[in-house]
Number of protein chains: 2
Amino acid sequence: MEKDSTAVSLKLFIVLSRAYKAINEHVNKVIQASGLNPTEFAVLELLYHKGDQPLQQIGAKILLASGSITYVVDKLEQKGLLRRSACPTDRRVIFAQITDEGKKLIQDIFPEHAQQIDKLMSSLSDSEKLEAIDLLKKLGLPAGKF
Amino acid sequence: MEKDSTAVSLKLFIVLSRAYKAINEHVNKVIQASGLNPTEFAVLELLYHKGDQPLQQIGAKILLASGSITYVVDKLEQKGLLRRSACPTDRRVIFAQITDEGKKLIQDIFPEHAQQIDKLMSSLSDSEKLEAIDLLKKLGLPAGKF
DNA sequence: CCATAATATCTCGATTTCAAAATTATTATA
DNA sequence: TATAATAATTTTGAAATCGAGATATTATGG
């Protein structure tokens with residue numbers, strides 16, 4: 001008696017969506033308490049951990065349309081959390097660079113952010129988390145390439 | 001030598017987000033080709049598979065604010081894909097009910113939708129999918145309750 | 001039974017996002 | 001070297017979402 005593979009895939013899609021949304025909803029609350037929205041946080045955190053980035057790269061990494069990048073970078077610049085800087089070798093390109101004030105903000109937020117995530121994931125043991133990481137990597141990497 | 005549990009949780013959060021977004025991006029393309037946006041599809045598909053629902057329940061199930069539910073239900077009603085119907089026992093409550101035209105649309109879309117998801121998940125074997133389902137259930141259910 | 005609290009929906013204004021077009025700069029081509 | 005194609009960013013207008021408040025109804029405690 002064969003299991004319908006499509007049904008299993010659909011089920012996985014549903015629990016994946018639910019898990020992501022449930023976790024994210026709570027994560028976003030902590031972020032928003034800091035005065036940033038989730039997108040602003042994502043941009044700033046990217047710059048903090050990965051260094052200066054061309055606007056185009058930011059869009060590619062956090063899956064945001066080019067017009068939206070302009071908008072959110074404007075916002076963060078107005079708040080003094082990042083600055084734009086010209087690329088010396090290609091004048092089409094503009095880098096975003098986190099300011100000291102931006103760094104301070106991320107340093108303030110990040111520990112609680114990480115702790116919150118850890119708490120939300122506490123229903124899994126460490127080895128289950130590692131299992132889940134492997135499976136989700138295997139799932140997500142090829143899907144990104146279609 | 002102890003593993004930092006928080007680091008594992010953060011990693012899991014990242015791969016969960018990536019996998020969800022990568023899959024979803026492709027799923028949404030198929031949906032949008034049908035003239036519905038992802039939220040409209042989610043509402044209609046809920047009504048199709050779970051029967052009539054109070055607007056409030058719809059919001060709870062697909063995580064949408066009350067004002068947004070009003071908006072999307074208006075849209076679907078204008079398209080003739082669902083209708084509102086009064087609850088006989090509680091006059092605060094309004095049910096959404098899929099129309100025959102709505103059913104026909106879902107019947108048209110759903111097979112390709114399911115097939116697309118199955119294809120996006122083909123990097124996992126069936127037993128890996130079942131493993132992932134268990135882990136994500138265990139992860140998502142408690143997180144929804146915080 | 002009444003006052004108060006809780007619940008469901010809707011309205012409104014503000015924010016965020018996208019898609020398409022416009023702008024500016026670079027690279028490739030003939 | 002013009003010219004065309006490509007690329008990065010910005011502008012613009014529309015759509016989607018949220019949150020707070022308004023309204024109507026139902027539930028609850030005294």
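Small disclaimer: the values here were computed from a predicted structure and weren't measured. Quick note: numbers below take in every heavy atom, side chains included, and nothing from hydrogens, waters or symmetry partners. Residue numbers begin at 1 in each chain, while the letters A, B, ... track the order of the sequences.
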Think A:S66 has a side-chain N or O under 4.0 angstrom from the OP1 or OP2 of C:dC18? no
In this structure, how many angstroms lie between the P atom of D:dT9 and the CD atom of A:E77, rounded? 13 Å
For atom CD1 of A:I58 and atom P of D:dA7, their distance in whole Å: 20 Å
Using whole Å, what does the distance between atom C1' of nucleotide C:dT16 and atom CD1 of A:I62 come to? 12 Å
5' priority, DNA chain D, between B:Y71 and A:V73 [closest heavy atom]: A:V73
Measure the shortest side-chain to side-chain distance between A:P38 and A:Q32 over non-hydrogen atoms and say whether it is less than 4.5 angstrom. yes
Minimum heavy-atom separation for B:E128 to A:L135, with atom names? CB-CD2, 3.8 Å
Just to be sure I understand the rule, does B:L64 reach a base, reach only the sugar-phosphate, or reach nothing, if contact means heavy atoms closer than 4.0 Å? sugar-phosphate
Value in whole Å for how far the C1' atom of D:dA8 lies from CZ of A:R91: 13 Å
Just checking A:R83: does its CZ atom have more than 12 heavy atoms from other residues, nucleotides or ligands closer to it than 6.0 angstrom? yes
Of all the heavy-atom pairs spanning B:L36 and B:L76, show the shortest one and how long it is. CD2-CD2, 4.1 Å
Distances for protein N or O near nucleotides 12-14 of chain C N or O, under 3.5 Å:
none

Is the number of heavy atoms from other residues, nucleotides or ligands under 6.0 Å of A:K137 NZ greater than 12? no
Between A:L81 and A:I98 the two heavy atoms that sit nearest each other are O-CG1, 3.5 Å
Please report, rounded to the nearest Å, how far the C1' atom of C:dT26 is from the CD atom of A:Q56. 15 Å
Could you state the CZ-C1' distance from B:R92 to D:dA22, rounded to the nearest angstrom? 16 Å
N/O (side chain, B:S68) to phosphate O (OP1/OP2, D:dA16) under 4.0 Å: no
Which residue lies toward the 5' end of DNA chain D, B:K75 or A:T70, if each is placed at its nearest nucleotide? A:T70
Heteroatom pairs (N/O) under 3.5 angstrom, protein to nucleotides 1-3 of chain C:
none

Taking only side-chain N and O atoms of B:N37, does any of them lie within less than 4.0 angstrom of OP1 or OP2 on D:dA15? no
Proximity to the side chain of A:V93 - top-ranked nucleotide from D:dT9, D:dA24, C:dT9: D:dT9
Please set out all donor-acceptor pairs under 3.5 angstrom arising from side-chain atoms of residues 108-118 of chain B, sequence neighbours excluded.
| unit_1 | atom_1 | unit_2 | atom_2 | d |
| --- | --- | --- | --- | --- |
| B:Q116 | NE2 | B:H26 | O | 3.0 |
| B:D118 | OD1 | A:S5 | OG | 3.4 |
| B:D118 | OD1 | A:S9 | OG | 2.5 |

Spacing of CD1 belonging to A:I58 relative to NZ belonging to A:K50, to within rounding of 0.5 Å: 13.0 Å
Looking only at the side chains, is there a donor atom on one of A:Q53 and A:K61 sitting less than 3.5 Å from an acceptor on the other? yes
Among D:dA7, C:dT16, C:dT9, which is the nearest nucleotide to the side chain of B:L55? C:dT9
